[in-house]
Amino acid sequence: MSNLTTIVAEPWDDWGLIDSGGGWKFERYGPIRVVRPEPQAMWAPAQSNWDPDATFMPGSDEDGGGRWQQHREVPRDWPLARGKVRFHASLTPFRHLGFFPDMAPQWDLMRERSADADVMNLFGYTGVGTLLLSEAGAKLVHVDASKKSVEGGRRNAELSGMSDRPIRWIVDDAAKFTAREVRRGRRYDGILLDPPKFGRGPEGEVWRLEEHLAPLLADCVNLLDAESRFLVLTVYAVRMSALAIGELLRQLTAHLGGEVECGEMAVREEARGLLLPTAIFARWAKS
């Protein structure tokens with residue numbers, strides 16, 4: 001495997017990257033405009049008159065610490081939508097807005113394969129991906145170690161009018177839950193996982209991406225079979241190579257057929273159309 005693919009998230013009605021440069025990015029989330037640090041925006045911005053509602057000021061550590069500075073009053077949360085799915089955005093302490101818009105092309109690929117599918121979403125966070133796949137016809141198992149995140153997913157389901165959809169909302173350690181599913185002999189048509197660089201489970205379980213990703217991915221593949229449709233892995237740790245996770249996934253899924261691709265995820269800036277890289281990915285899918 002040597003070819004890398006770039007998957008681009010285009011702007012939509014409720015989200016867009018307006019401009020970027022000088023180590024920052026300027027985005028719109030519905031009616032709210034925010035500025036956040038972005039080390040990969042090494043170029044000069046297109047505009048000099050950014051006027052955000054809030055700016056995230058980073059702390060001195062490298063783990064995402066910092067605080068939001070509001071230039072105008074921003075609601076505690078506000079509704080956004082992608083298609084028929086509605087969800088809340090908010091200024092979180094982790095510098096993001098409660099969901100990851102660069103996932104849109106991955107959501108679209110999985111939605112095409114989600115009709116009557118059994119899908120597991122690991123590290124599912126506030127459930128935007130879960131709801132989009134459910135709306136496309138999938139039955140979901142949504143797993144996150146954070147009770148607050150799972151409660152946020154339920155709130156988003158209620159906002160979307162999807163509280164009665166076949167979704168199991170589970171607060172659990174992703175690796176432990178997946179290992180139990182293997183022992184139970186479960187199978188899935190699709191799996192989405194978006195693991196953090198570092199995290200803790202509900203009982204203090206420690207997650208380290210470089211140490212724990214390979215065994216977790218092996219367990220995930222054990223939940224797939226020749227009739228399964230996709231596995232999508234996204235990684236926001238820049239020290240890991242897309243080629244490495246692509247080769248790992250290729251070897252693990254060789255017996256299933258299908259295709260593996262890997263590469264970078266990016267978002268398109270509205271000001272100039274340039275691409276701002278955000279993450280790496282590897283995915284296996286049946287056409």
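All values derive from a computational prediction rather than experimental measurement. One-based numbering along the sequence shown.
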_Go through it in stages, so that I can follow the logic: the residues are K148 and E151, the test is salt bridge (Lys or Arg N to Asp or Glu O under 4.0 Å), and I'd like the CA-CA distance, side-chain angles, deciding distance and then a yes or no._
CA-CA 5 Å; K148 183 177 180 181; E151 288 173 349; over 6 Å; no
*L233 vs C220, side-chain contact (heavy atoms from CB on, under 4.5 Å): CA-CA, chis, key distance, verdict*: CA-CA 11 Å; L233 165 67; C220 287; over 6 Å; no
_Using salt bridge (Lys or Arg N to Asp or Glu O under 4.0 Å), reason through R184 and E181 one step at a time and then give a plain yes or no._
CA-CA 5 Å; R184 293 173 185 135; E181 291 288 84; 2.4 Å; yes
_I'd like to know whether L274 forms a side-chain contact (heavy atoms from CB on, under 4.5 Å) with W43, so could you lay out the CA-CA distance, the side-chain angles of the two residues, the decisive distance to 0.1 Å, and finally the verdict._
CA-CA 10 Å; L274 60 78; W43 42 81; 3.5 Å; yes
_Show, in sequence, the C-alpha distance, side-chain angles and deciding distance for L17 and R268, and conclude whether the side-chain contact (heavy atoms from CB on, under 4.5 Å) test is met._
CA-CA 7 Å; L17 174 64; R268 190 180 306 280; over 6 Å; no
*Test K197 against V235 for side-chain contact (heavy atoms from CB on, under 4.5 Å), laying out the working first.*
CA-CA 8 Å; K197 184 163 54 175; V235 177; over 6 Å; no
*When you look at D108 and R82, which way does the salt bridge (Lys or Arg N to Asp or Glu O under 4.0 Å) test go after all the steps?*
CA-CA 11 Å; D108 292 345; R82 181 165 174 85; 3.1 Å; yes
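Residues M103 and L192 have side chains in contact (heavy-atom distance under 4.5 Å, counting atoms from C-beta outward). Residues P75 and I32 form a side-chain contact, since some pair of their non-hydrogen atoms from C-beta on lies under 4.5 Å apart. Using a 4.5 Å heavy-atom cutoff, the side chains of D219 and F177 are not in contact. With a 4.5 Å cut-off on side-chain heavy atoms, Y125 and D144 count as touching. Using a 4.5 Å heavy-atom cutoff, the side chains of Y188 and S228 are not in contact. At least one side-chain heavy atom of F230 sits less than 4.5 Å from a side-chain heavy atom of S114. For the pair L217/L193, a side-chain contact is recorded, criterion being any heavy-atom separation below 4.5 Å from C-beta on. Side-chain contact check for L213 versus P195: some heavy-atom pair is nearer than 4.5 Å.
Residues Y236 and H96 keep their aromatic ring centres 6.0 Å or farther apart.
We find the CZ-OG distance between R36 and S20 to be 12.0 Å, quoted to the nearest 0.5 Å. Interatomic distance, CD of E38 versus NZ of K25, reported as 4.5 Å (0.5 Å rounding). Atom CE of M120 sits about 11.0 Å away from atom CG of L140, to the nearest 0.5 Å. A distance of 5.5 Å separates CG in N156 from OG1 in T126, rounded to the nearest 0.5 Å. Taking CG of L275 as the start and CD1 of I7 as the end, the distance is 12.5 Å to the nearest 0.5 Å. Atom CG of L231 sits about 5.5 Å away from atom CD1 of I191, to the nearest 0.5 Å.
Heavy atoms of other residues, nucleotides or ligands lying less than 6.0 angstrom from CD of E259 number 12 at most. For CD of E158, the number of neighbouring non-hydrogen atoms (other residues, nucleotides, ligands) closer than 6.0 Å is 12 at most. Surrounding CZ of R72 are more than 12 heavy atoms belonging to other residues, nucleotides or ligands, all under 6.0 Å away. Under a cut-off of 6.0 angstrom, the local environment of CG in D116 is sparse, with at most 12 non-hydrogen atoms contributed by other residues, nucleotides or ligands. Annotation: D225, atom CG; neighbour count of heavy atoms from other residues, nucleotides and ligands within 6.0 Å is above 12.
L252 and M240 fall within a single hydrophobic cluster, where Ile, Leu, Val, Met, Phe, Trp and Tyr are joined by side-chain heavy atoms under 4.5 Å apart, directly or via other members. Taking hydrophobic clusters as Ile, Leu, Val, Met, Phe, Trp and Tyr residues chained together by side-chain heavy-atom distances below 4.5 Å, V8 does not share a cluster with M110. Under the 4.5 Å side-chain heavy-atom criterion for Ile, Leu, Val, Met, Phe, Trp and Tyr, V35 and F94 are members of distinct hydrophobic clusters. Following chains of ILVMFWY side-chain contacts shorter than 4.5 Å, one cannot reach W50 starting from L276, and the two form parts of different hydrophobic clusters. Two different hydrophobic clusters hold L159 and W107 under the rule that ILVMFWY side chains link at heavy-atom gaps under 4.5 Å.
Checked against F87 for a ring pair (Phe, Tyr, Trp, His ring centres under 6.0 Å), the options F100, Y29, F99 give a single hit: F99.
With hydrogens and angles ignored, the 3.5 Å screen pairs no side-chain donor or acceptor of D77 with any backbone N or O of S90. In this structure, K286 contributes its side chain and L256 its backbone to a donor-acceptor pair below 3.5 Å. When atom types are taken as modelled, the side chain of T234 and the backbone of F281 share no donor-acceptor pair closer than 3.5 angstrom. T278 places a side-chain N or O within donor-acceptor distance of the main-chain N or O of M265, the cut-off being under 3.5 Å. Of the possible donor and acceptor atoms, none in the side chain of D14 sits under 3.5 Å from a partner among the backbone N and O of L80. R154 places no side-chain N or O within donor-acceptor distance of the main-chain N or O of V150, the cut-off being under 3.5 Å.
In terms of heavy-atom proximity, P31 sits nearest to D53 at O-OD2, 3.8 Å. Summarising the geometry of Q47 relative to A271, their closest heavy-atom pair is NE2-CB, 4.3 Å, with the distance given to 0.1 Å. When every heavy atom of E27 is checked against every heavy atom of W15, the shortest pair comes out as OE2-NE1, 3.4 Å. Between G22 and P45 the shortest heavy-atom distance is N-CD, 4.1 Å. The minimum heavy-atom distance linking A117 with D189 is given by the pair CA-OD2, 3.4 Å. In plain terms, the two heavy atoms of L4 and A242 that are nearest each other are CD2-CB, 4.2 Å.
Taking a cutoff of 4.0 Å between a charged side-chain nitrogen and a carboxylate oxygen, R186 and D118 do not qualify as a salt bridge. Using a 4.0 Å cut-off between a side-chain N of Lys or Arg and a carboxylate O of Asp or Glu, R250 and E247 qualify as a salt bridge. For the pair E227 and R187, the salt-bridge criterion is not met [side-chain N within less than 4.0 Å of a carboxylate O].
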Which pairs of donor and acceptor atoms, one on a side chain in residues 127-138, lie under 3.5 Å apart (sequence neighbours left out)?
{"residue": "T130", "atom": "OG1", "partner": "N121", "partner atom": "ND2", "Å": "2.9"}
{"residue": "T130", "atom": "OG1", "partner": "H142", "partner atom": "ND1", "Å": "2.7"}
{"residue": "S134", "atom": "OG", "partner": "R165", "partner atom": "NE", "Å": "3.1"}
{"residue": "E135", "atom": "OE1", "partner": "R111", "partner atom": "NH1", "Å": "2.7"}
{"residue": "E135", "atom": "OE1", "partner": "R111", "partner atom": "NH2", "Å": "3.0"}

